[in-house]
Amino acid sequence: ETGVTQTPRHLVMGMTNKKSLKCEQHLGHNAMYWYKQSAKKPLELMFVYNFKEQTENNSVPSRFSPECPNSSHLFLHLHTLQPEDSALYLCASSQDGAQGANYGYTFGSGTRLTVV
Amino acid sequence: AQTVTQSQPEMSVQEAETVTLSCTYDTSESNYYLFWYKQPPSRQMILVIRQEAYKQQNATENRFSVNFQKAAKSFSLKISDSQLGDTAMYFCAFINNAGNMLTFGGGTRLMVKP
């Protein structure tokens, strides 16, 4: 158990569905992140939250909508996705700022998303 | 913007042998940190080793060590006495001193053969 828990582990959804991915960390970290991992592409940073405030949005389409109600929880709301959005979605957390730089990020095991 | 490049998509090594994975990066910053992460089939990204750019001494963690060449912007990972459990994807990653964006290379798939 890494301290970062993601649910569900697998998700299959149709293009007209609405679903949400959940991430929870019990490490006392203040920053949380969503990454997308596609086959044959480097991990792409999607969103960054520091102290519940979104500080980065890496040109992510609006069909992905993040939510961070507190420093321990992070959601990714999905709607009207496309088949090319099928990927592994990884959540990570870290201490804020220089601490995060020093110790890196702690990752969850990801949600394998398939859009049909 | 920083970029991280791993030029070896796949590698294999015999059990108990030594293997070196390559990584280069590009940045204009002088203070930063470098990491190697391991991603086994379980998908969980596990931190293997970290290096602080202002330290000249190469980091070592048991069977894992790095060769950090700051001027060349090179950061390779050496795995000694390879074990079957080392089979995984290995990612090199860079982060600046502000700590707000961990950037990954494309990964190297390592297969340890019995």
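The structure presented is a predicted model; accordingly, all values stated were derived computationally and were not measured.
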* By a 4.5 Å heavy-atom criterion (distance strictly below it), what part of B:Y32 contacts chain A: side chain, backbone, both, or neither? -> neither
* In terms of heavy-atom proximity below 4.5 Å to chain B, should A:Q37 be classed as side chain, backbone, both, or neither? -> side chain
* Does the side chain of B:T103 reach to within under 4.5 Å of the side chain of A:E44, using non-hydrogen atoms? -> no
* Got a sec: does the NZ of A:K19 have more than 12 other heavy atoms crowding it under 6.0 Å? -> no
* **Engaged part of B:Q39 at the chain A interface, taking heavy atoms whose separation is under 4.5 Å** => side chain
* May I ask you to test the B:M101-A:L45 pair for a side-chain heavy-atom distance under 4.5 Å? => yes
* **Hphob cluster co-occupancy, B:V13 + B:W36, side-chain heavy atoms under 4.5 angstrom** => yes
* Can you establish whether the number of heavy atoms outside B:N62 located under 6.0 Å from its atom CG is more than 12? => no
* Kindly indicate whether the side chain of B:F104, heavy atoms from C-beta on, has any atom under 4.5 Å from the side chain of A:Y35. => yes
* Is the gap between the ring centers of B:Y37 and A:F107 under 6.0 Å? -> yes
* Decide yes or no for B:L102 and A:Y33: does some side-chain heavy atom of the first lie under 4.5 Å from some side-chain heavy atom of the second? => no
* Asked: Looking only at heavy atoms, what is the nearest atom pair of A:S109 and B:S42, with distance?
  -> CB-O, 4.1 Å
* Is the count of non-hydrogen atoms from other residues, nucleotides or ligands lying under 6.0 Å from B:R109 atom CZ greater than 12? -> no
* Asked: Which region of B:L47, side chain (C-beta onward) or backbone (N, CA, C, O), has a non-hydrogen atom less than 4.5 Å from a non-hydrogen atom of chain A, or is it both or neither?
  -> side chain
* So, do A:V4 and B:M45 sit near enough that their side-chain heavy atoms are less than 4.5 Å apart? -> no
* Asked: CD of B:Q57: more than 12 outside heavy atoms within 6.0 angstrom?
  -> no
* Indicate, with yes or no, if A:V60 and A:M32 share a hydrophobic cluster defined by side-chain heavy-atom contacts under 4.5 Å among Ile, Leu, Val, Met, Phe, Trp and Tyr. => yes
* **Same apolar cluster: A:Y105 and B:I49, side chain cutoff 4.5 Å** => no
* **Heavy atoms from other residues, nucleotides or ligands near NZ of B:K78 exceed 12 (cutoff 6.0 Å)** => no
* Under 4.5 Å from any heavy atom of chain B - which part of A:S38 -> neither
* Asked: For A:R9, does its backbone N or O pair with a side-chain atom of B:R43 as donor and acceptor, under 3.5 Å?
  -> yes
* Quick check: are there more than 12 heavy atoms from other residues, nucleotides or ligands sitting under 6.0 Å from CD of B:Q56? -> no
